[in-house]
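What follows is one structure encoded as structure tokens, with my remarks underneath.
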Amino acid sequence: MSKNTTVYIDQLKHHVGQQVTLQGWLYNSRASGKIQFLILRDGTGLCQCIVEKGNVPDELFERIKHLGQESSLKVTGTVRADERSLGGHELAVTDAEVICPAEGYPITPKAHGVDFLMKHRHLHFRSQRQWCIGKVRHTVVDAIRRFFNDNGFVLIDTPIFTTVVGEDQTSLFEVDYFGRPLHLTQTGQLYLESAAMSFGRVYCFGPTFRAEKSKTRRHLTEFWMVEPEVAFIDLPGLLELAENFVTYIVRRVLADNRGELESLGADIALLERIQPPFYRLTYTETVEILKGDKTRDFLARELAELKSEKQQTESRIAELEQQQSGQIKQWQKDKIAAELIELRSALAELDTRIENNPTHAQLAAEFPWGKDLGGSDETIISRMHDKPVFVTHYPKEAKAFYMRTDRANDKVVENFDMLAPAGFGEIIGGSVREDDYERLLARIHAQGLDPGTHDWYLDLRKYGSVPHGGFGLGVERTLAWITGEKHIRQCIPFPRMMDKVYI
RNA sequence: UCCCCGAUAGCUCAAUCGGUAGAGCGAGCGGCUGUUAACCGCUAGGUUGUAGGUUCGAGUCCUACUCGGGGAGCCA
């Protein structure tokens with residue numbers, strides 16, 4: 001008899017006026033005597049469900065009233081459009097079935113600390129912020145695959161257990177492989193180069209592992225990286241590929257996840273400006289900028305801004321504290337308390353930035369040509385620009401053995417990093433590869449590496465060597481930049497950090 | 001490996017000069033027919049991270065440790 005259809009919340013707009021059933025979890029609820037507002041989530045979105053006394057049996061009305069957060073249930077009712085409701089649609093409930101009542105759900109709709117949320121990661125997924133980031137991550141990953149698949153690239157799955165060392169031995173996880181030491185991959189690049197000589201354009205996409213002892217908001221020990229590798233390409237060609245690639249990802253997210261970006265508070269205007277060409281600087285130009293007046297003035301201005309921001313925050317805190325001790329209503333006190341908590345944590349961050357500013361200024365001013373750019377240096381350059389910046393031609397000594405020496409200046413290599421704008425920093429690192437057998441062998445020796453383990457890699461330069469290159473893009477860093485999320489650990493479902501694995 | 005900050009109720013945080021440990025949220029009960037982190041009233045909830053020290057008296061001061069946060073180096 002029932003022509004009742006079970007639908008997902010994101011399809012409600014197609015069912016206005018119809019009777020439907022939703023299945024999901026109770027995200028939040030408010031009761032007001034004879035009317036209740038249930039916020040239901042079902043994985044596709046949130047929907048406010050209105051339960052009015054008289055429209056459902058009294059017994060059910062009472063039962064729903066005492067349902068805890070995250071109880072699972074089915075609700076049936078009529079879909080109607082209503083501006084007052086989030087999403088613009090709501091359900092006038094006529095019936096409901098509790099599947100599993102929940103009591104004492106630990107993550108309340110109020111504020112929680114990072115450590116608490118990380119320890120409850122398995123539940124934290126259900127929160128709006130994590131849900132939005134997960135949806136954007138899905139789009140980013142799909143856009144990555146689509147871009148390469150649609151542009152003639154062939155997917156090559158490179159091994160996780162590796163015998164070769166891409167960069168620095170100390171940053172590798174060693175595993176006992178039936179008594180023989182192997183390493184978890186930190187790049188698929190060397191294998192990919194061999195594949196590029198077969199397919200021309202290839203890419204690999206998977207998890208990668210770094211044992212660096214880095215405890216910052218930009219580091220994970222396990223993260224996802226996509227690496228294209230192209231035969232017959234030069235540095236300008238690689239930069240063009242990278243900027244088209246990043247632009248494509250950003251456009252896809254803008255098209256598919258505008259609601260999520262808004263909800264996350266991402267800088268949409270900034271994302272809309274992302275289009276080729278990106279800025280191009282050489283390492284030498286970058287060092288000159290860092291040591292020059294522009295950077296000094298920029299940091300001084302930033303310090304002044306931070307200080308005035310701090311002063312404003314402090315006086316606002318004092319003002320609120322004053323109000324708090326006066327005779328006011330309870331709800332006003334709550335509001336003030338919530339604002340105070342926010343202001344105090346903002347103040348702590350301002351203090352850190354004020355404290356770091358002179359150090360960063362000194363590091364930049366005294367930057368010696370030849371050193372690799374530090375995190376703070378990248379942040380400075382990145383903050384000075386409103387679009388991504390390519391930094392190219394780093395000193396040979398600071399870089400990996402496989403990067404191609406610039407034939408016009410043998411102190412530098414034909415490599416590049418791409419810095420995301422507005423302070424997020426590096427999201428891509430890449431290079432043209434050394435294609436000359438003798439030069440590559442010399443570099444292997446110079447860096448104290450074992451030529452024996454690189455036999456097969458050297459072979460690629462023996463049999464029809466061609467100019468080729470590629471780069472690696474960090475998925476979580478890209479995601480953090482796009483979503484405006486401060487910490488990379490929020491951008492992967494189960495983060496693995498130095499010395500810390502929660503679940 | 002180094003530097004800075006922190007640990008008080010299930011959660012987020014207060015506690016002035018060293019003087020009996022407080023709010024809100026959440027939980028429980030009651031009220032309210034349009035709420036948007038709803039609101040109002042009542043109830044329960046604590047060995048102040050651990051170990052020692054100073055003191056008539058320590059959440060507060062000192063030492064060590066444990067755990068957590070941020071940053072440097074290095075990197076996607």
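Note that the structure is predicted; figures quoted are calculated from it, not measured. Quick note on labels: first sequence line is chain A, next is B, and so on, each numbered from 1.
The CG-C1' distance, from A:L419 to B:rC75, rounds to 13 Å in whole Å. Atom P of nucleotide B:rA76 and atom CZ of A:F390 are separated by 15 Å, given to the nearest angstrom. To the nearest angstrom, P of B:rG26 lies 15 Å from CD of A:E70. Rounded to whole Å, atom C1' of B:rC75 lies 8 Å from atom CZ of A:F223. When rounded to the nearest whole Å, the span between CD1 of A:I39 and C1' of B:rG34 equals 12 Å. Distance CD (A:Q189) to P (B:rC75): 14 Å, rounded to an integer number of Å. Here the C1' atom of nucleotide B:rG26 and the OH atom of A:Y105 are 13 Å apart, to the nearest Å. We find that CD of A:E212 is positioned 13 Å from P of B:rA72, with the value rounded to whole Å.
Counting non-hydrogen atoms of neighbouring residues, nucleotides and ligands closer than 6.0 angstrom, the NE2 atom of A:H122 exceeds 12 such neighbours.
Across all strands shown, A:G104 has no heavy atoms under 4.0 Å from either base or sugar-phosphate atoms. Within the 4.0 angstrom heavy-atom criterion, base atoms lie near A:I488. Within 4.0 Å (heavy atoms only), A:R129 reaches no atom of the nucleic acid at all. Nucleic acid contact class of A:H120 (heavy atoms, under 4.0 Å, all strands): none. Looking at heavy-atom distances under 4.0 Å, A:F116 makes contact with sugar-phosphate atoms alone, never a base. Counting any heavy atom pair closer than 4.0 Å across all strands shown, A:G68 reaches no nucleic acid atom. Among the protein residues, A:D417 comes within range of no part of the nucleic acid, since none of its heavy atoms lies under 4.0 Å from any strand. Residue A:I427 is classed as a sugar-phosphate contact, given heavy-atom separations below 4.0 Å to backbone atoms only. Note on A:R353: nothing from the nucleic acid sits closer than 4.0 angstrom, heavy atoms only. At the heavy-atom level, A:I428 lies under 4.0 Å from the strands shown only through sugar-phosphate atoms.
Between the side chain of A:Q48 and the base of B:rU35, a donor-acceptor pair under 3.5 Å is found. Interface remark: the A:T108 side chain does not form any donor-acceptor pair with the B:rC11 base, using a distance-only criterion of under 3.5 Å.
For B:rG6, the paired nucleotide is B:rC67, the pair qualifying as Watson-Crick or G-U wobble because both relevant distances are below 3.5 Å. Taking a pair to require two hydrogen-bonding distances under 3.5 Å in either a Watson-Crick or a G-U wobble arrangement, B:rA23 pairs with B:rU12. Summarising the base pairing, B:rC39 is matched to B:rG31 through a Watson-Crick or G-U wobble pair whose two defining distances lie under 3.5 Å. Pair check for B:rC61 finds B:rG53; Watson-Crick or G-U wobble, both atom distances under 3.5 Å.
Checking the phosphate oxygens (OP1, OP2) of B:rC74, no side-chain nitrogen or oxygen of A:R210 falls inside 4.0 Å. OP1 or OP2 of B:rA72 has not a single side-chain nitrogen or oxygen of A:R218 nearer than 4.0 Å. For A:N28, no side-chain nitrogen or oxygen approaches OP1 or OP2 of B:rU35 to under 4.0 Å. Listed pair A:H487 / B:rG70 meets the phosphate criterion, a side-chain N or O lying under 4.0 Å from OP1 or OP2. For A:R30, a side-chain nitrogen or oxygen approaches OP1 or OP2 of B:rA38 to under 4.0 Å.
With C1' as the reference atom, B:rC13 and B:rG52 are 29 Å apart, rounded to whole Å. Comparing B:rG68 with B:rU8, their C1' atoms sit 16 Å apart, to the nearest whole Å. Between B:rG45 and B:rU50, the distance separating the two C1' atoms is 24 Å to the nearest Å. Only the C1' atoms considered, B:rA15 is 7 Å distant from B:rG22, to the nearest whole Å. Comparing the C1' positions of B:rU35 and B:rC40 gives a spacing of 15 Å, expressed to the nearest Å. With P as the reference atom, B:rG59 and B:rA51 are 14 Å apart, rounded to whole Å. Straight-line distance between the C1' atoms of B:rC42 and B:rA37: roughly 23 Å, to the nearest whole Å. On the P atoms, B:rG30 is 48 Å away from B:rG71, given to the nearest whole Å.
The side-chain ring of A:F37 is not stacked on the base of B:rG34, judged by centre separation under 5.5 angstrom and plane angle under 30 degrees.
Which of B:rG34, B:rU1, B:rC74 sits closest to the side chain of A:K213 comes down to B:rU1. Comparing B:rG68, B:rU12, B:rG73 by their closest approach to the side chain of A:H112 singles out B:rU12. With B:rC74, B:rU33, B:rA76 as the choices, the nucleotide that has an atom nearest any side-chain atom of A:K34 turns out to be B:rU33. The side chain of A:E90 lies closest to B:rG34, out of B:rG34, B:rG68, B:rA76. Between B:rC29, B:rC75, B:rA72, one nucleotide has an atom nearer to the side chain of A:H360 than all others, and that is B:rA72. The side chain of A:H219 has B:rC74 as its nearest neighbour among B:rC74, B:rA72, B:rU12. The side chain of A:E426 lies closest to B:rA76 when the candidates are B:rC25, B:rA72, B:rA76.
For A:G33 and A:T216, each mapped to the nucleotide of RNA chain B holding its nearest heavy atom, the one lying further toward the 5' end belongs to A:G33. A residue-by-residue look at A:K53 and A:D377 shows that A:K53 has its nearest nucleotide of RNA chain B further toward the 5' end.
Side-chain contact between A:I156 and A:Y203 is absent, with no heavy-atom pair separated by less than 4.5 Å. Between A:W224 and A:F205, the closest side-chain pair of non-hydrogen atoms falls below 4.5 Å. Within the 4.5 Å cutoff, the side chain of A:V246 has heavy atoms near those of the A:I428 side chain. The shortest distance between side-chain heavy atoms of A:L241 and A:F471 falls below 4.5 Å. Residues A:T185 and A:F161 fail the side-chain proximity criterion, which asks for heavy atoms closer than 4.5 Å.
Using modelled atom types and a 3.5 Å distance limit, the side chains of A:T78 and A:R80 yield no donor-acceptor pair.
Looking at A:E90 and A:R84, no side-chain N of the basic residue comes within less than 4.0 Å of a carboxylate O on the acidic one, giving no salt bridge.
Judged as a ring pair (Phe, Tyr, Trp, His ring centres under 6.0 Å), and not counting sequence neighbours, the contacts of A:Y248 are A:F147.
A distance-only check finds a donor-acceptor pair linking the side chain of A:H66 to the backbone of A:E62 [under 3.5 Å].
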